[in-house]
There are 2 protein chains.
Amino acid sequence: MSEPGAGGESLLFLTDEQLRKGIEAMFFAYRGFTADPDRILDGMHYGRAHHRALHFIHRSPGTTVNNLLNILGVTKQSLNRVLRGLIEDGLVDSRVGKEDKRERHLFLTERGAELERALSDAQRARMRAAYRAAGPAAVQGFRQVLEAMMDPEMKRQYLALKEGGV
Amino acid sequence: MSEPGAGGESLLFLTDEQLRKGIEAMFFAYRGFTADPDRILDGMHYGRAHHRALHFIHRSPGTTVNNLLNILGVTKQSLNRVLRGLIEDGLVDSRVGKEDKRERHLFLTERGAELERALSDAQRARMRAAYRAAGPAAVQGFRQVLEAMMDPEMKRQYLALKEGGV
DNA sequence: GAAGTTACGTCAGCCTTGTTGACTTTCCAA
DNA sequence: TTGGAAAGTCAACAAGGCTGACGTAACTTC
């Protein structure tokens with residue numbers, strides 16, 4: 001697949017200018033990446049943090065608070081606030097663990113799944129358009145660079161979430 | 001919802017599962033992307049917002065406040081708070097415009113340039129490592145997908161910042 | 001020259017989302 | 001059985017977004 005090209009050209013390639021463009025591309029693209037969900041959330045008293053929680057609960061139903069904490073990389077107090085709102089509003093269901101009663105297992109309710117769907121539909125639509133515009137080969141490169149950019153621990157989490165093949 | 005309906009292989013390609021992986025890759029990679037500068041800023045009473053200001057002032061010395069506002073996409077009140085701190089601490093110099101005295105032109109001071117360098121060295125190091133690991137072809141794809149993900153207006157800004165060729 | 005517009009700064013107040021610290025409940029192991 | 005660790009909750013604070021209102025200087029237009 002990639003072939004780092006022998007010696008010479010892969011050097012020339014990594015000018016500071018090239019790297020700077022990559023950095024700015026990440027900055028501007030991330031804004032686009034979050035723009036659609038943000039727009040939907042705006043007005044409801046929810047934000048990006050709620051979106052993230054919904055996403056990962058949808059993805060791993062029954063996950064514990066601690067689990068979610070590791071994935072999201074925030075403090076439990078911060079997550080708890082977000083979760084409390086979602087639970088009170090009936091978007092998320094929190095069930096005491098059967099094995100270990102200290103744990104809370106999280107699930108989306110009907111309404112929670114509905115909002116999650118709206119958010120991820122919007123985000124997927126943009127991603128789909130970008131993938132289409134760039135083409136399959138570009139997408140592979142995109143994923144490769146992103147994976148190489150993650151901290152090892154994050155990458156571990158990301159890959160563990162795989163479950164669905166490449 | 002998903003699955004378009006024509007064409008051959010580009011179909012299989014854009015499954016919701018593929019798109020979801022792309023979404024999660026963006027999420028985890030962005031954390032890595034900001035981790036090193038955040039670590040440096042931590043402890044100083046600065047944050048990511050200060051980093052962004054320093055970056056774009058470094059990049060376009062003499063830029064006006066309004067210019068920066070458009071690039072960063074925040075309100076002037078928000079930017080002003082950040083800028084005020086940087087100016088008071090002697091990292092940024094604000095000079096009244098010669099042509100139009102209403103404008104303020106922004107420059108990094110010696111110390112400002114120093115901090116900017118520390119931040120962008122760290123960020124570039126990670127980007128360089130990721131580029132090396134993924135290879136030249138992947139990098140091209142990476143940039144293509146990111147550009148396609150930007151809002152048109154952001155993309156315009158991003159390309160206008162080019163000045164250095166691809 | 002007066003009136004309107006633009007660029008910038010600032011005050012006040014709000015919201016989301018991060019933080020730390022202190023606490024309870026539950027589990028487990030010495 | 002007791003003491004520590006782990007999971008979760010409550011309280012308070014800070015950063016950095018936001019809106020709205022206002023002031024001032026400088027430019028532009030009529």
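A, B, ... follow the sequence lines: proteins, then strands. Residue 1 opens every chain.
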query: Does a salt bridge link B:E17 with B:K21, judged by any charged N lying under 4.0 Å from a carboxylate O?
result: no
- prompt: Can you list the residues that meet the side chain to side chain donor-acceptor pair (under 3.5 Å) rule with B:Q144, with sequence neighbours excluded?
  reply: none
- prompt: Within the structure shown, what part of the strands sits under 4.0 Å from B:H50 by heavy-atom distance: base, sugar-phosphate, or nothing?
  reply: sugar-phosphate
message: If you count heavy atoms of other groups shown closer than 6.0 angstrom to NE2 of B:H58, is the number above 12?
response: no
- prompt: Is there a donor-acceptor pair under 3.5 Å between the side chain of A:T109 and the backbone N or O of A:G90?
  reply: yes
- prompt: For B:R31, which residues count as a salt bridge (Lys or Arg N to Asp or Glu O under 4.0 Å) partner, sequence neighbours excluded?
  reply: none
task: Please identify each residue that fulfils salt bridge (Lys or Arg N to Asp or Glu O under 4.0 Å) with B:R126, with sequence neighbours left out.
output: A:D151, B:D36
Which residues share a side chain to side chain donor-acceptor pair (under 3.5 Å) with B:N70, sequence neighbours left out: none
message: If the condition is salt bridge (Lys or Arg N to Asp or Glu O under 4.0 Å), which residues does B:D100 pass it with, not counting sequence neighbours?
response: B:R102
- prompt: Parallel, tilted or perpendicular: which fits the ring planes of B:Y131 and B:F142, with parallel below 30° and perpendicular above 60°?
  reply: perpendicular
statement: Its 5'-most and 3'-most nucleotides having an atom under 4.0 Å from a non-hydrogen atom of chain B, DNA chain C is contacted over C:dT6 to C:dC11
- request: Examine distances only and state if a side-chain atom of B:R111 and a backbone atom of B:L108 form a donor-acceptor pair shorter than 3.5 Å.
  value: no
Along DNA chain D, first and last positions that approach a heavy atom of chain B under 4.0 Å: D:dG16 to D:dC27
- prompt: In terms of the angle between their ring planes, are A:Y46 and A:H50 parallel, tilted or perpendicular, with boundaries placed at 30° and 60°?
  reply: tilted
- request: Check DNA chain D against residues 38-48 of chain B and give the residues with a non-hydrogen atom under 4.0 Å, in numerical order.
  value: B:G47, B:R48
- request: Please name all residues satisfying side chain to side chain donor-acceptor pair (under 3.5 Å) with A:E103, sequence neighbours left out, ordered by chain then number.
  value: none
task: Mind running a 4.0 Å heavy-atom check of residues 97-108 of chain B against DNA chain D and sending the residues that fall below it, in number order?
output: B:E99, B:D100, B:K101, B:R102
- prompt: Residues in ring-ring contact (aromatic ring centres under 6.0 Å, His included) with A:Y30, at least two apart?
  reply: A:F33, B:Y30
field: N/O donor-acceptor pair under 3.5 Å between A:R132 side chain and B:L14 backbone
entry: no
message: Main chain of B:H105, side chain of B:T64: is a donor-acceptor contact present, judged purely on distance under 3.5 Å?
response: no
query: For DNA chain C, what residues of residues 70-94 of chain A have any heavy atom nearer than 4.0 Å?
result: A:V74, A:T75, A:Q77, A:S78, A:R81
